[in-house]
Protein chains: 2
Amino acid sequence: MIMKVSSVSLPTIKRLPSYLHILRQSLEEGHENISSAYIARALHLEAIQVRKDLSATGISGQSGVGFNIAGLIKHLEDFLGWNNSRDAFLVGCGNLGVALMGYEGFRERGLNIVAGFDVDKNKIGKEISGKKIFSLEKFPDLLERLHIKIGVLTVPQNRAQQVAAYMVESGIEAIWNFTSIRLDIPEHIIVERVELECSLAVLSSRLREKNEESAEDFSGVKV
Amino acid sequence: MIMKVSSVSLPTIKRLPSYLHILRQSLEEGHENISSAYIARALHLEAIQVRKDLSATGISGQSGVGFNIAGLIKHLEDFLGWNNSRDAFLVGCGNLGVALMGYEGFRERGLNIVAGFDVDKNKIGKEISGKKIFSLEKFPDLLERLHIKIGVLTVPQNRAQQVAAYMVESGIEAIWNFTSIRLDIPEHIIVERVELECSLAVLSSRLREKNEESAEDFSGVKV
DNA sequence: TAGATTGTTAATCGATTAACAATC
DNA sequence: TAGATTGTTAATCGATTAACAATC
């Protein structure tokens, strides 16, 4: 068995959604083909990087012409698995959970949240954006019956580890983790964490830099 | 004027919050010092990387002993500006906005959301997690009066660019962008986008790989 | 044919990792 | 002193960028 850990690098994969964004926009504007230079300009990247990324996903353009937009969209969506959407359960119907259940954009990106789960009796039985909320107890049973593989984790921090373990026990294969907890679960389970903290760290440090710069302005400049 | 674009690399900055996490945990457990090897083990990193990262922020440990935990926490929080929390406004009090306004963790990370803004008359005047919601019209005035520098953007996708422009006009200095829109605003404004789509792309492609692997299992193995 | 744009091969750059002397 | 751990210097690795022949 060949055990390749993806031939496509993480930085490349992370840029693909932004390419799709530009491509869809461009298609709507009535264009048929697009060049790597055009995509690069729109995203403040280098054309060669765009070409390298695209070729890594296994598509090739046409010399002198560029890439067929519709074909490229189809190809990238296929590559990401965003064409045939996968069903998912969401656990933790707080404000964040409700926000995610109502977000239309996920379905276009291959993720279809079909139901929510919570422990709060006031929430159980209700519907959010047309999706029913079940008792967490029903999770294992429904997971099996609906052949769900993906769980979205939006519970409070202090419940995260415990609930994640329960999801794994129930047979989940992948967890999209919206908590800041680094889950301790078996290696074979796919876990992707949304790194809010990292994003805030970058924002914070850029703000700090800016402050230091303007402080330098005052100290360094002779009036 | 020296215009250094930060001596500390982005990958390093993004790892700092996880270091803080381990450090706080370790302090609670009653430890006084910690080694780079310990931190690395807890985060599945290499000890040398932890040391390199920490030294990049300008702190040094003690040979044979490690780092003083309390001192290191203080240092990293200072570095990120997470000690003295900065006030921020949040624009767009939908489910996501409400979720963020109620999240306790931000204050510990230097971000204090003090008020929300919305265009929905039903929301204006109400309070969420003890924070008042104002009409978006009041944004520029309150921004100036309270000396707010940071705006959290949680409006619907189709309003994002327009609202962001309004925030810039009003004098905002930094935007934490929770929409998937790449904002087109002046260079000198700090924009940090939470890359939900990228995270989903990584999850998707890992799922696809896993599928392909198990498909190979079946095709490759002779029964 | 001339112009545009691709994909390949090589060069550069920056981040990670290794080795190890210095220090507590 | 022996053991643990740091920080420095050098080596490696992988991603980005450059150069350019090939192609439409």
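In what follows, chains are A, B, ... by sequence order, proteins preceding strands, each numbered from 1.
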Give the C-alpha distance, both sets of side-chain angles, the deciding distance and a yes or no for side chain to side chain contact (heavy atoms under 4.5 Å, CB included) between A/L54 and A/L76. CA-CA 8 Å; A/L54 296 180; A/L76 291 179; 4.1 Å; yes
Output, in order, the C-alpha distance, side-chain angles, deciding distance and verdict of side chain to side chain contact (heavy atoms under 4.5 Å, CB included) for A/I172 and A/L143.
CA-CA 8 Å; A/I172 207 83; A/L143 193 79; 3.5 Å; yes
Show, in sequence, the C-alpha distance, side-chain angles and deciding distance for A/S199 and B/E195, and conclude whether the side-chain hydrogen bond (donor to acceptor under 3.5 Å, both in side chains) test is met. CA-CA 8 Å; A/S199 174; B/E195 291 172 339; over 6 Å; no
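Using a 4.0 Å cut-off on heavy atoms, the residues of residues 40-68 of chain B that approach DNA chain D are B/I48, B/R51, B/K52, B/S60, B/G61, B/Q62, B/S63, B/G64, B/V65, B/G66, B/F67, listed by number. Scanning residues 16-33 of chain B for heavy-atom distances under 4.0 Å to DNA chain D yields an empty list.
Residues satisfying the ring-ring contact (aromatic ring centres under 6.0 Å, His included) criterion with A/Y19, sequence neighbours excluded, are absent altogether.
Phosphate proximity of C/dT6 to A/S36: present, with a side-chain N or O under 4.0 Å from OP1 or OP2. Distances shown here put a side-chain N or O of B/R15 below 4.0 Å from the OP1 or OP2 atom of C/dT16.
Aromatic pair A/W82/A/F106: ring centres not closer than 6.0 Å.
A side-chain donor-acceptor contact under 3.5 Å links A/H75 to the backbone of A/T57.
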Listing, residues 37-46 of chain A side-chain donor-acceptor contacts under 3.5 Å, not counting sequence neighbours, or none:
none

Side-chain donor-acceptor contacts of residues 160-167 of chain A below 3.5 Å, not counting sequence neighbours, with atom names and distances?
| from | atom 1 | to | atom 2 | distance (Å) |
| --- | --- | --- | --- | --- |
| A/Q161 | OE1 | A/D184 | N | 2.9 |
| A/Q161 | NE2 | A/D184 | O | 3.2 |
| A/Q162 | OE1 | A/R159 | NE | 3.0 |
| A/Y166 | OH | A/L136 | O | 3.1 |

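Geometrically, A/R208 engages B/F79 in a cation-pi contact, judged by NZ or CZ lying under 6.0 Å from the ring centre and within 45° of the ring axis.
Atom CD1 of B/I13 and atom P of C/dT16 are 12 Å apart (whole Å). The distance between atom CG of B/L10 and atom C1' of D/dT16, rounded to the nearest whole Å, is 16 Å.
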The dot-bracket string of DNA chain C, counting Watson-Crick and G-U wobble pairs with both distances under 3.5 Å, using [ ] for crossing pairs and | for pairs to another strand, is ..||||||||||||||||||||||
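Using a cutoff of 4.0 Å between basic side-chain nitrogens and carboxylate oxygens, B/R24 and B/E77 are scored as salt-bridged.
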